[in-house]
Amino acid sequence: MVTFQVSRVETAPFDGQKPGTSGLRKKVKVFVQPHYLQNFVQSTFYALSAEKVQGATLVVSGDGRYFSKDAIQIIIKMSAANGVRRVWVGQNGLLSTPAVSAVIRERVGHDGSKATGAFILTASHNPGGPHEDFGIKYNMENGGPAPEAITDKMYENTKTIKEYLIAENLPDVDIAAIGVTSFTGPEGQFDVEVLDSASDYVKLMKSIFDFQAIRKLLSSPNFTFCYDALHGVAGAYANRIFVEELGAQESSLLNCTPKEDFGGGHPDPNLTYAKELVARMGLGKSSPQHEPPEFGAAADGDADRNMVLGKRFFVTPSDSVAIIAANAVEAIPYFSGGLKGVARSMPTSAALDVVAKHLNLKFFEVPTGWKFFGNLMDAGLCSVCGEESFGTGSDHIREKDGIWAVLAWLSILAYKNKENINGGKLVSVEDIVHQHWATYGRHYYTRYDYENVDAGAAKELMAYLVRLQSSLGEVNEIVKGVCSDVSNVVHADEFEYKDPVDGSISKHQGIRYLFEDGSRLIFRLSGTGSEGATIRLYIEQYEKDPSKTGRDSQEALAPLVDVALKLSKMEEFTGRSAPTVIT
C-alpha cells in the first residue's frame, strides 16, 4: 500500500471566485492557472464542518468535459491531505448531476459508509473544450447544492487563503477501472473507489417508474422513440436504461458517446442547439427524410436538463412540468399515494399554478435555483417541481433530473395508451398537450436570451426597468403606444422570496410587469454563463378560451414581445436587434 505525505503549498487569493447558484464557472484557461482550482477546493473544505471532512466519504465526478480528469486527480489528492476517509468516483470520472445526488442519498458502501457531500465537475449546458467552459460545485449530504451560508463562507475563504493541503506524492488513480485503490497517510487509510456510473441511478429509476409498462410502449409497432444526449454524460445512462432495460433500438440513440468537447456542439437541449434531434422530429427548416418518431428527447451536458418533443411538436418546459404534475398520481407508481405539493421558479409560466389550484395542491413560487426546491422537499412540502430553463424534477433527489423527466413522459404515454398499444391510433404527445390545454387553458410562453451582453449595459438596462416601475401611468402609456390591444400593467416589482422553511429572504430575483389579463413580462440577469452577461426576457399570456389555444405561440405573443422590447429599450441598451436564442 502506497504511503503519502501531506504538503502545505503556499498560495494567494484570486479575484472573483464567488460561486453562484450553479457553482463556480469560468473558461478552462482560468481553471488551469496554477493554484486556481486548489484554492477553491481548499476554501470549500474550510467552509465545511470538521465531521463533513475528517473521516468522511465524498463523491468526485462530473459530466466528463475537458479538464475533468485532471481536476479529479487534484481533488483526490487534496481530499487525502485534508483527512477525508474515502472518495467515490464514477467510472471514467462520469456521473450525471442527478446521479451524484442519487449516490449521496442512496448508496451505502461495503463497510456501511454514506457520502456526506460531493464535488461535481460541470458547467452544465455550456460548451466544453480547451477554449470553452469548466465548472465546479459542492453538494451537501441531502444531495442538493450547498446553501448560501456555505457558499458565502467558501467565497470569504477564497479571499484570504494562504495555503492549501495536498498529497503531492499520491499517484494518480486509474479511474477507468472499477474497483478500490487504498493508500495510507498520517490519518490512516484512504480509499478511492471507482464505481459503475449507472447502477445506483438505474436502481432508483426502477423503484420510481413501472419499467414493464414503458417497455410495452416501446415495443409497440406504433411507437417510435429517439433520445439525443448531445455527447454529454447522459450517454453513460441512455444505453443502460433505454436499450438494455426498456428494449429500445440502439439506433434510437443519438450522440450518446460522452465527449470532452461535446462533439464540438453546444450541449443545451433546446430548439436552437439540438439540431439533429429537432430535424429528426420534423421540426427543422427542411422536411425529414423519414417519418418522424412519436417521441423525442434531449439532455444537456450534465443530464439534469431535458427537452421533450412529439412528432413535429415542441413541449415547452413550463407545460411539461404542469402535465407531469397533472398525470403523476395515475401514471407513476412513486406518486400513487398523492402529491405533497408542487413548485416552480418565478420565470416559469403559471401553467403549474392552474393544475395546483384544480387539484387542490400546495403551490410555491420560488426564485431561480434548485436549492429553493430542495428546502421545500426536505420539509415534505413538494413532490414535483420545474423551471422554464428545461429543468424538471421531483423529491427522489435534490437536483433537476433530465432522464427522470423523459421516463415520466414515457410513463404518461404508456398510461394513456394502455388499451391501444397493440392496435388502434396512439394517443400522441401533441394529443396529451392539447387535452391539457382544453382542461386547464394555455399559457402562451416564450423566452428571449441575449447572451454575452456587455455586463455594464445589462446592469443599466435592469436599473432603468426598476426606475420605470415607480410610474405605472408612464408604463401603460408606452404599452398603449406600442399596441392598444395589450391590457394594462396593474403591478410591477422586483421579485422577493421569503422561504417558508427557514425564513431566509432572497431579494432582486427578477423584474416583473404583471398585466390585468394575467400576462407577464419578466427580465432577469442570468449567472449561468462564464463571460459577459445574459439577459433573459420571459413573455407569457394566458388563454382560457378553447377555441383560441391552438395558435402559433410566436404569433399569439407578437404584441407582447413588441411591448417588452420597447419598454426595456433593449436595442438601445445592448446594441442587439435580435436575441441569441428564442425558446
Side-chain angles (χ1 to χ4, degrees), residues 2 4 23-42 44 58-82 84 86-97 99-100 103 115 118-139 164 166-181 183 190-198 229-237 255-265 267 300-303 530:
V2 173
F4 65 85
L24 181 68
R25 292 185 189 167
K26 302 283 181 185
K27 291 293 180 192
V28 167
K29 66 185 179 193
V30 175
F31 269 101
V32 298
Q33 296 174 89
H35 313 309
Y36 189 89
L37 173 66
Q38 290 89 333
N39 277 19
F40 187 80
V41 172
Q42 189 64 56
T44 303
L58 296 182
V59 184
V60 182
S61 284
D63 61 14
R65 66 180 54 237
Y66 184 84
F67 187 57
S68 292
K69 287 179 178 169
D70 292 340
I72 287 168
Q73 300 295 346
I74 289 167
I75 298 169
I76 287 172
K77 291 175 171 128
M78 291 187 68
S79 298
N82 278 276
V84 170
R86 65 185 66 72
V87 169
W88 291 341
V89 182
Q91 190 176 20
N92 296 311
L94 298 176
L95 277 175
S96 71
T97 295
V100 171
V103 166
F119 286 100
I120 307 179
L121 307 175
T122 178
S124 189
H125 54 292
N126 293 339
H131 306 293
E132 297 296 350
D133 295 0
F134 188 75
I136 180 169
K137 70 173 189 167
Y138 191 82
N139 277 29
Y164 60 83
I166 189 165
E168 288 181 308
N169 70 325
L170 193 82
D172 282 358
V173 175
D174 180 2
I175 58 172
I178 289 173
V180 181
T181 309
F183 306 94
F190 171 70
D191 296 334
V192 179
E193 183 174 357
V194 178
L195 321 167
D196 175 75
S197 300
L230 294 175
H231 288 302
V233 74
Y237 303 85
N255 306 313
C256 280
T257 305
K259 293 187 176 177
E260 288 190 333
D261 65 349
F262 306 109
D300 70 335
D302 64 330
S530 65

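Judged as a side-chain hydrogen bond (donor to acceptor under 3.5 Å, both in side chains), and not counting sequence neighbours, the contacts of D300 are S124. Residues forming a side-chain hydrogen bond (donor to acceptor under 3.5 Å, both in side chains) with E168 (at least two apart in sequence, or on another chain): S7. With sequence neighbours excluded, the residues satisfying salt bridge (charged side-chain N to carboxylate O under 4.0 Å, His left out) with D172 are K77. The side-chain hydrogen bond (donor to acceptor under 3.5 Å, both in side chains) test applied to T122 returns D63, not counting sequence neighbours. Considering only residues two or more places apart in sequence or on other chains, Y237 meets the ring pair (Phe, Tyr, Trp, His ring centres under 6.0 Å) condition with Y201. Looking at residues two or more places apart in sequence or on another chain, you find a ring pair (Phe, Tyr, Trp, His ring centres under 6.0 Å) between Y164 and H35. Applying the ring pair (Phe, Tyr, Trp, His ring centres under 6.0 Å) rule to F31 yields the partners Y36, F134; only residues at least two apart in sequence or on another chain are considered. With sequence neighbours excluded, the residues that form a side-chain hydrogen bond (donor to acceptor under 3.5 Å, both in side chains) with N169 are Q5. With sequence neighbours left out, the side-chain contact (heavy atoms from CB on, under 4.5 Å) criterion links P171 to V2, F183. Evaluation of the salt bridge (charged side-chain N to carboxylate O under 4.0 Å, His left out) rule for D70 yields no partner, not counting sequence neighbours. For E193, the salt bridge (charged side-chain N to carboxylate O under 4.0 Å, His left out) partners at least two apart in sequence or on another chain are R107.
Across all their heavy atoms, G235 and A229 have their closest contact at N-CB, 3.5 Å.
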Could you list the donor-acceptor pairs under 3.5 angstrom formed by side chains in residues 90-97, with sequence neighbours left out?
from: Q91; atom 1: NE2; to: A176; atom 2: O; distance (Å): 2.9
from: S96; atom 1: OG; to: A99; atom 2: N; distance (Å): 3.0
from: T97; atom 1: OG1; to: D302; atom 2: OD2; distance (Å): 2.6

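Contact check on D133 versus K27 returns a salt bridge, with a Lys/Arg side-chain nitrogen under 4.0 Å from an Asp/Glu carboxylate oxygen.
Counting heavy atoms from C-beta outward, I136 and V41 have side chains that approach closer than 4.5 Å.
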